[in-house]
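What you see is a predicted model, and the numbers here were worked out from it, not measured in a lab.
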Amino acid sequence: MAEAIAILALLFVAFVALGVFVTVKAVKAAKRGVDRTITQARRTVEDTTLRAKTYGTGGVTAELAQLRLSLRTSMRATQDALEAGAAEDASLQESLQLFRRLSAHGHELDADLKRLERDPDRAGVAAQLEELRERTQRIIHSAESLRWAARDRARKFADDDLASLNAQIDVEAGALRHWTVSEQEGLSWPAEPAGTAPDPAVSATSAASGASAASAEERTGPAAAGARARSAQEPDAGRGASGPDEPRAITAKDPRQQPFYSWQKSTRPETTN
């Protein structure tokens, strides 16, 4: 009984701890979402205010607002590009670290520009505009270099992947049209027309066969050549002296070997004087 109570108590404590953990995680996530929303809203308000100052007022205030707006827009675009690329390409982590170091200089410059907007000494601020403009351009140039390099890298990878995909698709399309390959093989060897020159390989083979036969005849000697000549003359020996076109002589039949019939007359013997 005591063991069952202890097990139930442990289960209750475990469920309570799990609930607390989930609640804390949910609260932190909600807080991060609220902070992100507030940051985006504040950023939107500040950008709108800077645009209004750029178009509404002139002079030093408009110049400072234009510098801040250009700086913030470039840094935000670079940050979005690097963070999106680093999620797919681990090589961009170093570039992201360099951008974070550059962001520190950007935040410092933005704070200086924001402070100078409230400075009543307009003449002193106007004297510093050239230096501030140069610093802004240097930071913007570095940010744009990182951003365009990351975009070019992603475009290069996309082009290589597309080229490899096109090659694979061409191979697959050729495999699907396998019957066209068979038809081309059947039509690739037409009949040789009359009057064409003989094949050099066949001529060389015939010449080699004749040379091997001649060398064999030389090795066997004149005896074998004479035997072949006599064997060639034997079929013609039975024909006699007459040619193939002359008629053969008719041999008379022996009367003693002929059959005798009853209705035939007997031959008379010859008389001698």
Practice task
Could you tell me whether Arg151 atom CZ has more than 12 heavy atoms of other residues or ligands within 6.0 Å of it?
Solution key: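 Atom CZ in Arg151 is packed in, count exceeds 12.
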What is the distance from atom [atom1] of [X] to atom [atom2] of [Y], rounded to the nearest 0.5 Å?
| X | Y | atom1 | atom2 | answer |
| --- | --- | --- | --- | --- |
| Arg32 | Thr37 | CZ | OG1 | 12.5 Å |
| Leu113 | Gln66 | CG | CD | 11.5 Å |
| Leu92 | Leu98 | CG | CG | 11.0 Å |
| Leu102 | Ser145 | CG | OG | 9.5 Å |
| His107 | Ile139 | NE2 | CD1 | 10.5 Å |
| Gln137 | Leu71 | CD | CG | 10.0 Å |

Using residues 123-134 as the side-chain source, report each donor-acceptor pair under 3.5 Å to any protein atom, sequence neighbours left out, with the distance given to one decimal.
{"unit_1": "Glu130", "atom_1": "OE1", "unit_2": "Arg133", "atom_2": "NH1", "d": "2.9"}
{"unit_1": "Arg133", "atom_1": "NE", "unit_2": "Glu63", "atom_2": "OE2", "d": "3.2"}
{"unit_1": "Arg133", "atom_1": "NH2", "unit_2": "Glu63", "atom_2": "OE2", "d": "3.0"}

Practice task
State whether a side-chain donor-acceptor pair under 3.5 Å links Gln168 with Glu172.
Solution key: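 No - no donor-acceptor pair under 3.5 Å links their side chains.
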Practice task
Using distance alone, with no hydrogens and no angle criterion, decide if Ser91 and Arg153 have a side-chain donor and acceptor under 3.5 Å apart.
Solution key: yes
Problem - Cluster link Leu69 to Leu116, ILVMFWY, side chain under 4.5 Å - result: no
Practice task
Answer yes if Val24 and Val16 sit in the same cluster of Ile, Leu, Val, Met, Phe, Trp and Tyr residues linked by side chain heavy atoms under 4.5 Å apart, and no otherwise.
Solution key: yes
Practice task
Apply side chain to side chain contact (heavy atoms under 4.5 Å, CB included) to the pair Thr78 and Glu144, showing each step before the final yes or no.
Solution key: CA-CA 7 Å; Thr78 304; Glu144 289 180 350; 5.6 Å; no
Handout entry: Atom of Leu82, atom of Ala150 and distance for their closest heavy-atom approach
Key =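 Result for this residue pair: CD2-CB, 3.9 Å.
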Exercise for the section: Identify the two heavy atoms, one from Arg122 and one from Glu117, that lie closest to each other, and give their separation to 0.1 Å. Expected result: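 Result for this residue pair: NH2-O, 3.3 Å.
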Exercise for the section: Begin with the C-alpha distance, continue with both residues' side-chain angles, and end with the deciding distance and a verdict on side chain to side chain contact (heavy atoms under 4.5 Å, CB included) for Arg135 and Asp112. Expected result: CA-CA 11 Å; Arg135 286 178 59 188; Asp112 292 340; 3.6 Å; yes
Practice task
Using atom types as modelled and distance alone, determine if a side-chain donor or acceptor of Asp161 lies under 3.5 Å from a backbone N or O of Phe157.
Solution key: no
Practice task
Flag the pair Arg115 and Asp119 as a salt bridge only when some basic side-chain nitrogen lies within less than 4.0 angstrom of an acidic carboxylate oxygen.
Solution key: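 Result for this pair is no, no salt bridge flagged.
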Problem - Full working for side chain to side chain contact (heavy atoms under 4.5 Å, CB included) between Ser74 and His141 - result: CA-CA 9 Å; Ser74 178; His141 175 71; over 6 Å; no
Practice task
Report the C-alpha distance between Met75 and Ser103 in whole Å, list the side-chain angles of each, state the deciding distance to 0.1 Å, and finish with yes or no for side chain to side chain contact (heavy atoms under 4.5 Å, CB included).
Solution key: CA-CA 7 Å; Met75 297 296 289; Ser103 296; 3.6 Å; yes
Practice task
Go through the steps for Arg155 and Asp152 under the test salt bridge (Lys or Arg N to Asp or Glu O under 4.0 Å), then give the verdict.
Solution key: CA-CA 5 Å; Arg155 188 181 300 108; Asp152 292 341; 2.8 Å; yes
Problem - Sole residue of Glu94, Arg101, Arg100 in side chain to side chain contact (heavy atoms under 4.5 Å, CB included) with Gln97 - result: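 Result for side chain to side chain contact (heavy atoms under 4.5 Å, CB included) with Gln97: Arg100.
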